[in-house]
Amino acid sequence: MKKLSPVLFLVGLLLVAAGVLMPILSNDPFNNEFRYVYAVGAALSLLSRLFQQAPDKSAPIKIRRLLRMESWSSLLFCVAAFFAFYSAPELRDWLAFTLAGAAIQIYCTIALSIALRKKL
């Protein structure tokens, strides 16, 4: 399962992105299929984060912290999926948690690549 974790995460993020774009690109903005696509993507990203390989204890604390922060982005996507179903007419909460998760994911990706480059 640990070898499938990056693939699951990639598929999950693609489904999250498709779920976000579906109401924007569709003719009917109140179409409910995007919620299910988004929820499946959020669940896959969280599942992959749960099964990803834990960093070893010899890794610097900054790298271990950034890897833990990546899990929070997947958790925020799952909270956003909850709000997509809970507050259906208003999409503000759903979009706010999606943007927060995306911001954390982007920050962690950039900071992790810089920290790994400095480590080598």
Side-chain angles (χ1 to χ4, degrees):
M1 188 68 176
K2 291 183 181 187
K3 292 189 179 198
L4 280 176
S5 180
V7 175
L8 275 178
F9 184 70
L10 181 64
V11 170
L13 281 186
L14 287 174
L15 286 174
V16 165
V20 169
L21 290 175
M22 282 173 72
I24 296 170
L25 299 177
S26 74
N27 294 334
D28 184 18
F30 299 106
N31 200 351
N32 290 331
E33 285 87 22
F34 79 92
R35 292 182 175 102
Y36 298 104
V37 172
Y38 185 88
V40 169
L44 280 178
S45 71
L46 184 64
L47 185 68
S48 72
R49 291 293 184 204
L50 291 176
F51 286 113
Q52 83 179 9
Q53 187 172 356
D56 55 346
K57 298 293 182 186
S58 64
I61 187 107
K62 186 173 186 174
I63 293 175
R64 290 185 300 190
R65 185 193 66 196
L66 288 168
L67 288 173
R68 276 194 306 267
M69 279 178 65
E70 281 184 331
S71 302
W72 281 99
S73 70
S74 295
L75 197 65
L76 284 173
F77 291 145
C78 288
V79 171
F82 168 75
F83 278 114
F85 287 101
Y86 181 71
S87 60
E90 302 166 355
L91 297 178
R92 289 184 308 233
D93 299 333
W94 169 72
L95 287 175
F97 280 105
T98 299
L99 288 174
I104 289 175
Q105 183 64 42
I106 290 169
Y107 169 75
C108 288
T109 301
I110 293 170
L112 194 58
S113 67
I114 291 171
L116 286 174
R117 197 174 328 130
K118 284 183 180 179
K119 181 184 172 191
L120 296 176

Would you sort out whether Phe83 and Phe97 count as a ring pair (Phe, Tyr, Trp, His ring centres under 6.0 Å), showing the intermediate values? CA-CA 9 Å; Phe83 278 114; Phe97 280 105; 5.3 Å; yes
Among the clusters formed by ILVMFWY side chains lying less than 4.5 Å apart, do Leu75 and Phe77 turn up in the same one? no
Under a 4.5 Å side-chain heavy-atom rule over Ile, Leu, Val, Met, Phe, Trp and Tyr, are Phe51 and Leu44 clustered together? yes
Could you give the distance from OG (Ser74) to CG (Leu47), rounded to the nearest 0.5 Å? 10.0 Å
Report yes if some heavy atom in the side chain of Tyr36 is under 4.5 Å from a heavy atom in the side chain of Leu15; otherwise report no. no
Looking at CD of Gln105 and CG of Leu76, how far apart are the two atoms once the value is rounded to the nearest 0.5 Å? 10.5 Å
Could you tell me whether the side chain of Trp72 reaches within less than 4.5 Å of the side chain of Cys108, counting heavy atoms only? no
May I have the step-by-step check of ring pair (Phe, Tyr, Trp, His ring centres under 6.0 Å) for Tyr38 and Phe34, ending in yes or no? CA-CA 6 Å; Tyr38 185 88; Phe34 79 92; 8.0 Å; no
Closest heavy-atom pair, Trp94 versus Ala81, reported as atoms and distance to 0.1 Å, is CD1-N, 4.4 Å
For a 4.5 angstrom cut-off between non-hydrogen side-chain atoms, does Glu70 reach Leu66? no
State, to 0.1 Å, how close Val16 and Ala42 come at their nearest heavy-atom pair, and which atoms those are. CG2-N, 3.6 Å
Contact summary for Ser48 and Phe9, nearest pair of heavy atoms: OG-CB, 3.2 Å
Measure the CE-CZ distance between Met22 and Arg35 for me, rounded to the nearest 0.5 Å. 11.0 Å
The reported gap from CZ in Arg117 to CD1 in Ile114 (rounded to nearest 0.5 angstrom) is 6.0 Å
Answer yes if Leu46 and Met69 sit in the same cluster of Ile, Leu, Val, Met, Phe, Trp and Tyr residues linked by side chain heavy atoms under 4.5 Å apart, and no otherwise. no
Nearest heavy atoms of Ser73 and Gly101, plus distance in Å: CB-O, 3.3 Å
Walk me through whether Tyr86 and Asp93 qualify under side-chain contact (heavy atoms from CB on, under 4.5 Å). CA-CA 10 Å; Tyr86 181 71; Asp93 299 333; over 6 Å; no
Under a single-linkage definition using a 4.5 Å side-chain heavy-atom cutoff for Ile, Leu, Val, Met, Phe, Trp and Tyr, are Phe82 and Ile104 assigned to the same hydrophobic cluster? yes
State, to 0.1 Å, how close Ala39 and Phe85 come at their nearest heavy-atom pair, and which atoms those are. CB-CE1, 3.8 Å
Within this structure, what is the CZ-CZ distance for the pair Arg65 and Arg68, rounded to the nearest 0.5 Å? 8.5 Å
Kindly state each residue pair satisfying ring pair (Phe, Tyr, Trp, His ring centres under 6.0 Å) with at least one member in residues 99-120, sequence neighbours excluded. none
